[in-house]
2 protein chains.
Amino acid sequence: MSMHSIPRVISVAVVEDDREVRQALQLTLAARDGFRCASTFSSCEDALKQLPEEPPDVVLMDINLPGMDGIAGVKALKELLPGTDFLMLTVREEEDTVFRALSAGASGYILKHASPEAILEAITEVYEGGSAMTPVIARLVVRSFQPKAAHDLSDRELEVLAKLCDGENYRSIAEALFISTNTVKAHIKSVYLKLHVHTRAEAVRKALRDRLV
Amino acid sequence: MSMHSIPRVISVAVVEDDREVRQALQLTLAARDGFRCASTFSSCEDALKQLPEEPPDVVLMDINLPGMDGIAGVKALKELLPGTDFLMLTVREEEDTVFRALSAGASGYILKHASPEAILEAITEVYEGGSAMTPVIARLVVRSFQPKAAHDLSDRELEVLAKLCDGENYRSIAEALFISTNTVKAHIKSVYLKLHVHTRAEAVRKALRDRLV
DNA sequence: GCGCAAATCACCCAAATGGGTACTAGACGC
DNA sequence: GCGTCTAGTACCCATTTGGGTGATTTGCGC
């Protein structure tokens with residue numbers, strides 16, 4: 001925030017294979033004070049070659065691209081341009097794609113046919129250290145924080161499972177809960193039964209993924 | 001979306017201990033077509049008693065409340081009103097609080113001193129199945145999807161770690177990678193060393209938490 | 001009061017795990 | 001060419017884990 005308190009121009013690069021869309025974005029950026037379209041590319045491969053020479057502040061990245069797609073592109077470019085933020089431009093709001101893009105290092109995820117105003121606002125938000133996304137995508141993301149299912153584990157079982165996730169062994173769990181190791185075993189067996197797993201590792205993964213702990 | 005295609009009034013409840021703020025919200029809602037302030041409460045305890053009788057569409061929930069705080073309030077109310085969405089109202093954008101609120105079941109997280117327009121827009125977005133949050137909070141959330149640190153595991157080690165997370169044992173990992181179980185052990189030992197863990201469970205937790213896989 | 005589930009404990013045993021040590025072959029940098 | 005790194009291999013051994021079986025107590029619902 002304070003970093004950007006002196007008004008300056010946000011330099012933006014565009015990676016988009018559709019020539020029409022690419023030029024429309026370029027024009028939108030050129031027409032507006034405070035923005036500069038530093039470069040445009042029709043493929044990630046081109047962007048990878050040229051962008052490192054003059055890193056922009058923000059990259060608008062299409063997802064569906066011939067050759068290397070936008071997600072792989074972000075992953076590769078982010079390595080070379082750690083200070084640059086990436087804003088995904090897409091036509092559909094698919095759960096799987098959203099999460100893969102965010103995991104790859106995208107800072108935002110907006111729709112291609114949003115208004116120029118909305119796109120410029122998203123660029124500004126990202127540049128200022130925030131993140132931009134549609135409400136629908138935000139809900140997908142928010143939902144991923146919420147418990148997935150009720151696995152009807154008893155309170156005691158949840159307690160044991162939590163310690164299992166901490167990497168504690170039978171003996172230390174037993175000591176912490178003031179019960180015998182045999183009882184710990186019994187609870188763990190019950191947990192495995194209810195979660196349909198057979199090993200510690202699977203139980204830990206399920207507990208973390210489904211946010212049971 | 002189609003569910004709400006017939007224009008109707010969104011009924012909103014407010015839980016906020018500050019009388020001024022509470023009344024301001026009430027007035028904002030009353031003054032606008034399409035919104036209705038169904039009820040207001042100064043504590044979660046009160047809301048828990050009365051809300052189940054007539055569930056609103058959206059609840060605006062303050063976080064800092066005397067007695068039961070807004071996060072515990074959401075968790076409790078969400079059980080009773082599964083169809084209702086909760087929008088947290090807060091003054092600060094603290095990472096820990098944000099994640100706890102979302103885990104508790106909140107659908108959005110906005111600033112108390114946002115404009116009436118922005119608050120009404122957030123309510124609408126949440127009502128329509130989306131989610132509302134400030135760009136700063138969105139970035140916190142997005143960041144949680146990205147790898148936390150470079151633990152300099154080799155490619156092979158990452159491969160082994162991934163299978164470890166799947167709950168596979170030495171033998172099946174060895175078979176999958178066409179190497180001996182001894183080599184698998186060697187890789188795993190190296191992984192444990194680099195991640196500073198000593199057991200499978202800890203390794204799985206670290207891998208999932210830090211998004212190494 | 002009966003039944004049932006949860007929580008507690010016990011014993012056996014095969015398999016898996018984690019730690020220690022030691023060696024070889026290829027790749028890469030300098 | 002020498003050192004270092006990663007990958008791959010091997011063996012030993014104590015500890016841990018997971019599965020099977022069975023038992024007691026407590027509390028809750030009907």
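First the proteins, then the strands, lettered A, B, ... as listed; each starts at 1. What's counted below: heavy atoms across the whole structure, side chains too, no hydrogens, waters or symmetry copies.
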Under the criterion side chain to side chain contact (heavy atoms under 4.5 Å, CB included), I'd like the reasoning laid out for B:Leu80 against B:Leu51: C-alpha separation, chi angles, the key distance, then a yes or no.
CA-CA 9 Å; B:Leu80 303 172; B:Leu51 268 188; over 6 Å; no
Could you tell me from which nucleotide to which nucleotide of DNA chain C, 5' to 3', there is an atom under 4.0 Å from chain B heavy atoms?
C:dA16 to C:dT21
Partner set under salt bridge (Lys or Arg N to Asp or Glu O under 4.0 Å) for A:Glu159, not counting sequence neighbours:
A:Arg156
Rounded interatomic separation in angstrom, taking CG from B:Leu153 and P from D:dC5:
16 Å
Considering only heavy atoms, which members of residues 199-213 of chain A lie under 4.0 Å from some atom of DNA chain C?
none
Rounded to 10 degrees, the angle between the two terminal axes of the helix from C:dG1-D:dC30 to C:dC30-D:dG1, each from five pairs
60°
Is it the case that atom NZ in B:Lys49 sees more than 12 heavy atoms from other parts of the structure closer than 6.0 Å?
no
If I compare all heavy atoms of A:Glu157 with all of A:Val191, which pair ends up nearest, and what's the gap?
CB-CG2, 3.7 Å
Would one find more than 12 heavy atoms of other residues, nucleotides or ligands at under 6.0 Å from atom NZ of B:Lys194?
yes
The criterion is ring pair (Phe, Tyr, Trp, His ring centres under 6.0 Å); which residues satisfy it with A:Phe145, sequence neighbours excluded?
B:Phe99
Would you say the side-chain atoms of B:Arg139 pair up with the backbone N or O of A:Gly130, donor to acceptor, closer than 3.5 Å?
yes
Could you list by number each residue of residues 187-198 of chain B showing a heavy-atom separation from DNA chain C of less than 4.0 Å, or answer none if no residue does?
B:Lys189, B:Tyr192, B:His198
Does OP1 or OP2 of D:dG8 have a side-chain N or O of B:Ser180 closer than 4.0 Å?
no
Determine whether more than 12 heavy atoms belonging to other residues, nucleotides or ligands lie under 6.0 Å from atom CZ of A:Arg211.
yes
Residues which pass ring pair (Phe, Tyr, Trp, His ring centres under 6.0 Å) with A:Phe35, listed by chain and number, not counting sequence neighbours
none
Sequence-distant partners of A:Arg19, salt bridge (Lys or Arg N to Asp or Glu O under 4.0 Å), two or more places apart
none
Can you build the contact string for nucleotides 22-29 of chain D? Use B for base contact, S for sugar-phosphate-only contact, and - for no protein heavy atom under 4.0 Å.
--------
Specify the residue among B:Asp152 and B:Ile179 whose closest nucleotide of DNA chain D lies further upstream toward the 5′ end.
B:Asp152
Determine whether the side chains of B:Thr134 and B:Glu93 contain a donor N or O and an acceptor N or O closer than 3.5 Å.
yes
With sequence neighbours left out, what residues match A:Glu175 under salt bridge (Lys or Arg N to Asp or Glu O under 4.0 Å)?
none
Would you say that A:Ser11 contacts A:Asp57 through its side chain, given a criterion of any heavy-atom pair below 4.5 Å between the two side chains?
yes
For a quick test of reading the model, state the closest non-hydrogen atom pair linking B:Cys44 to B:Val15 and the distance between them.
N-CG1, 4.0 Å
Regarding A:Gln26 and A:Thr40, do their side chains bring together a donor and an acceptor under 3.5 Å, going by distance alone?
no
What is the distance, to the nearest angstrom, from the CG atom on B:Asn182 to the C1' atom on D:dT9?
6 Å
Enumerate the residues from residues 163-171 of chain A whose closest heavy atom to DNA chain C is under 4.0 Å, giving them by residue number; use none for an empty result.
none
Over 12 foreign heavy atoms within 6.0 Å of CD, B:Glu79:
no
Minimum-distance pair of heavy atoms, taken over all atoms of B:Cys165 and B:Ala207
SG-CB, 3.7 Å
If the condition is salt bridge (Lys or Arg N to Asp or Glu O under 4.0 Å), which residues does A:Arg22 pass it with, not counting sequence neighbours?
none
